[in-house]
K.L.:
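Take this structure first; my questions come after.
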Amino acid sequence: MTRTPLRPLARILPAREKGENPDAIERENLRIRHEQMRDRSRLRAESRLAVLGLMFFCAFVVIGARMGLLSATEPTEPRAYASGASIIASRADIVDRQGRILATNMETHSLYAHPRQMVDPERAAQELARIFPDLDGAVLARRFSDKKSKFRWVKKKISPEQMQAVHDIGEPGLLFGPREMRLYPNGALASHVMGGASFGREGVHAAEVIGTAGIEKFYDEQLRDPARGGAPLELSLDLGIQAAVERVLYSGMKLMNAKGAAAVLMDVHTGEVISIASLPDFDPNDRPNPPTSGSPSDSPLFNRAVQGVYELGSTFKIFAAAQAMELGLVTPQTMIDTRPPFKVGGFRIGEFEGHNYGEIPVEQIIIKSSNRGTGKLALAIGPERQQSFLESLGFFKATGLEIVEAAGGKPLLPQRWGELSTVTISYGHGLSSSPLHLAAGYSTIANGGHVVTPTLLKQQGPRLGNRVLSERVAQDARIMLRKVVSEGTASFGDVPGYDVGGKTGTADKPRENGGGYYKDKTITTFASMFPAEAPEYVLIVTLDEPVETSGDKPRRTAGWTAVPIGAEIIGRVAPLLGLRPDYDTGEMQATLVRN
């Protein structure tokens, strides 16, 4: 910047010549200099004020936006972050084959306390005891009065109504943390499949939901895997059919005065379990504790369809007949002498109620359920070939169903498999298996001779395994089973419009201490398939200690107990499965005329 002198000689000298005062020139130049300095200072000050004003404006915009954002969100407790791996709280849904929810997540809250921040611990404890009757007010008061403690859990999960009630207490030391809990909207329906879930790792603001039993535990890692993107686990179960089966089974169990009951409905071509029920059951939303004494089967947690291994009686007879026909030893019309006596290993083999059926064809052995006839078929087959055949049907190992309890349902085999065991096993005594094993075995006959593996996952098409029976033998066996219902021991199993084939099984129940069998307690089973001419489904119904009391004396056989329940289930679920009834035209016309 060029600085102008206050007394420039170029003006001073002419001013002196003219007699003017040179000081006036200096004062004028000084005034101009001061005005220039004032203008520059004012400009700097105005620039600084503009910048400062802009800065204040931006700050107020940011603060206002943040305040608006906070006012639009739900209030939450201060979040304390802990070091270490984060807790993954999300868990995929479980749905049935139609996409209907079986298990899902629900947002809820936990309740905890900061004793140091509490104003009136005594009052808070008493109010909490009123809201949560399972809590002890005196114990809470002692815990809240401990000012050395910074944190106390009160409840791991609470309902919205309970949360509001705690809010109304007005205690600043009572705080809430958001979390997810597992919800089973259908209650006890399919409870043994679902199993249940609980909290694993947990913090104030998150909790890990882990499976504790059933399919929840079997697929625990998959259900918690974020890589799946929350895709639901799709089961083979049908919710509507499951409800119908459980409803009929429960009514039948009560009607027959049974201790427990189980039912399995399976697709014979895919192995899909459409319905599986065990009674008594439980609510997985409030899963009971395992029993600490007594028999495990007395607990509602016990899955009779999968874990329960029983001698399933005469339902095994069709396996002996089918194998004998497959080996070419007999045909359905081959005559077998079933007259007494028949002894094996020094033991007399008898018939139900001392019957003597005489010399009858193989077909009649199944229809009349002859122990001697089946035993003679088994002796012709031999122990080694019998073992091989039953092993191929899956009776030597656990079913592998996708619930953790299935591993405990391994069949009980005889220690020494001699001729006596061969005979008794042929009519369902000496080998204990689950109703699910039996469903898989009957599916092999129903689908034409192929082994199938039971599954709880929805399949896209048939899953047929190795062939163990020819189509012709499987068809002959199905004809026999149909005649058992139309002519034999399962006459109560006929369902109008649906041809049903099946076999009854009644076995004396073994004593818990291993001391023989009860005389007045049985396990009864009805193993059925429908439609009989081209079966699509197999249904197994098993009752524990049933007693039918409508007659002059108690009746405990399958024909009087399990068979009517199986028929009622088939009548209910067959239309739901899309099977159209096939009525005889003449019968329909006669019905119309009568009406």
K.L.:
Out of E234, E272, E402, which residue meets the salt bridge (charged side-chain N to carboxylate O under 4.0 Å, His left out) rule with K458?
P.N.:
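In the set E234, E272, E402, the residue that makes a salt bridge (charged side-chain N to carboxylate O under 4.0 Å, His left out) with K458 is E234.
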K.L.:
Is any side-chain heavy atom of Y310 closer than 4.5 Å to a side-chain heavy atom of T525?
P.N.:
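Not touching, per the 4.5 Å side-chain cut-off.
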K.L.:
Hey, is the main chain of I274 close enough, under 3.5 Å, to the side chain of Y537 for a donor-acceptor pair?
P.N.:
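It does not hold such a pair.
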K.L.:
Verify side-chain contact (heavy atoms from CB on, under 4.5 Å) between R182 and I94, making sure each step is shown before the conclusion.
P.N.:
CA-CA 11 Å; R182 200 62 162 166; I94 301 176; 3.7 Å; yes
K.L.:
Between the side chain of E127 and the main-chain N/O of V166, is any donor-acceptor distance below 3.5 Å?
P.N.:
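Not at all, since once roles are kept as given, no pair shorter than 3.5 Å links the two residues.
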K.L.:
Donor-acceptor pair, H114 side chain versus G173 backbone, under 3.5 Å?
P.N.:
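Here the side-chain-to-backbone pair does not exist.
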K.L.:
Please report the interatomic distance CG(L401) to CG(L456), rounded to the nearest 0.5 Å.
P.N.:
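Taking CG in L401 and CG in L456, the distance rounds to 4.0 Å.
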K.L.:
Taking the side chain as every heavy atom from C-beta outward, state whether M253 and D544 have any atom pair closer than 4.5 Å.
P.N.:
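Not touching, per the 4.5 Å side-chain cut-off.
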K.L.:
Between H192 and F282, is the gap from one ring center to the other below 6.0 Å?
P.N.:
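Ring centres of F282 and H192 closer than 6.0 Å.
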K.L.:
Could you walk me through whether D281 and E246 pass the side-chain contact (heavy atoms from CB on, under 4.5 Å) test, one step at a time?
P.N.:
CA-CA 10 Å; D281 56 10; E246 290 193 17; 3.8 Å; yes
K.L.:
Can you tell me how far apart OG1 (T108) and CZ (R179) are? Round to the nearest 0.5 Å.
P.N.:
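Output value for this atom pair is 8.5 Å.
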K.L.:
Kindly compute the distance separating CG (L438) from OG1 (T399), expressed to the nearest 0.5 Å.
P.N.:
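Spacing of CG (L438) from OG1 (T399) equals 12.5 Å.
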K.L.:
Would you confirm whether D96, through its side chain, and R100, through its main-chain N or O, come within 3.5 Å as a donor-acceptor pair?
P.N.:
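Pair found, side chain donor or acceptor close to backbone of R100.
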K.L.:
Can you find a side-chain donor-acceptor pair between Q126 and E122 that sits under 3.5 Å?
P.N.:
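Checked: Q126/E122 side chains show no N/O donor-acceptor pair below 3.5 Å.
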K.L.:
Using 30° and 60° as the class boundaries, would you call the ring planes of H109 and F176 parallel, tilted or perpendicular?
P.N.:
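Geometry flag for F176 against H109: perpendicular rings.
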K.L.:
Give me the one residue out of V95, L457, D93, L102 that meets side chain to side chain contact (heavy atoms under 4.5 Å, CB included) with L233.
P.N.:
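Among V95, L457, D93, L102, the one that satisfies the side chain to side chain contact (heavy atoms under 4.5 Å, CB included) with L233 is L457.
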K.L.:
Salt bridge or not for D136 and R143, using N-O below 4.0 Å?
P.N.:
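Not counted as a salt bridge, because no side-chain N and carboxylate O are separated by less than 4.0 Å.
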K.L.:
Rounded to the nearest 0.5 Å, what separates atom CG in L111 from atom CG in L128?
P.N.:
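The CG atom of L111 sits 6.0 Å away from the CG atom of L128.
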K.L.:
Between the side chain of R304 and the main-chain N/O of L543, is any donor-acceptor distance below 3.5 Å?
P.N.:
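A pair under 3.5 Å: no.
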K.L.:
Is the shortest heavy-atom distance from the side chain of M529 to the side chain of V538 under 4.5 Å?
P.N.:
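M529 reaches V538 side chain to side chain.
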K.L.:
How long is the span from the CD atom in Q459 to the CZ atom in R97, to the nearest 0.5 Å?
P.N.:
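Going from CD on Q459 over to CZ on R97, the span is 9.0 Å.
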K.L.:
One pair to check against side-chain contact (heavy atoms from CB on, under 4.5 Å): E171 and Q117. What are the steps and the verdict?
P.N.:
CA-CA 9 Å; E171 174 58 63; Q117 299 177 10; over 6 Å; no
K.L.:
Of all heavy-atom pairs between F151 and P115, which one has the smallest distance, and what is that distance?
P.N.:
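Nearest pair, atom of F151 first, then P115: N-CD, 4.1 Å.
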K.L.:
Quick one: are Q98 and D238 in side-chain contact, heavy atoms under 4.5 Å?
P.N.:
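Yes. Closest side-chain heavy atoms under 4.5 Å.
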K.L.:
For the side chain of S110 and the backbone of G177, is there at least one donor-acceptor N/O pair under 3.5 Å apart?
P.N.:
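It does hold such a pair.
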K.L.:
In Å, rounded to the nearest 0.5 Å, how long is the span from OG of S434 to CZ of F395?
P.N.:
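Output value for this atom pair is 8.5 Å.
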K.L.:
If we only count heavy atoms from C-beta on, is the R48 to L52 side-chain gap below 4.5 Å?
P.N.:
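The answer is no, as the side chains (C-beta and beyond) never meet within the 4.5 Å cut-off.
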K.L.:
Can you tell whether the side chains of E46 and R42 come within less than 4.0 Å, N to carboxylate O?
P.N.:
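The answer is no: the pair does not qualify as a salt bridge.
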K.L.:
Can we say E216 and R91 salt-bridge, meaning some charged N sits less than 4.0 Å from an Asp/Glu carboxylate O?
P.N.:
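Judged by the 4.0 Å cut-off on N to carboxylate O distance, E216 and R91 do form a salt bridge.
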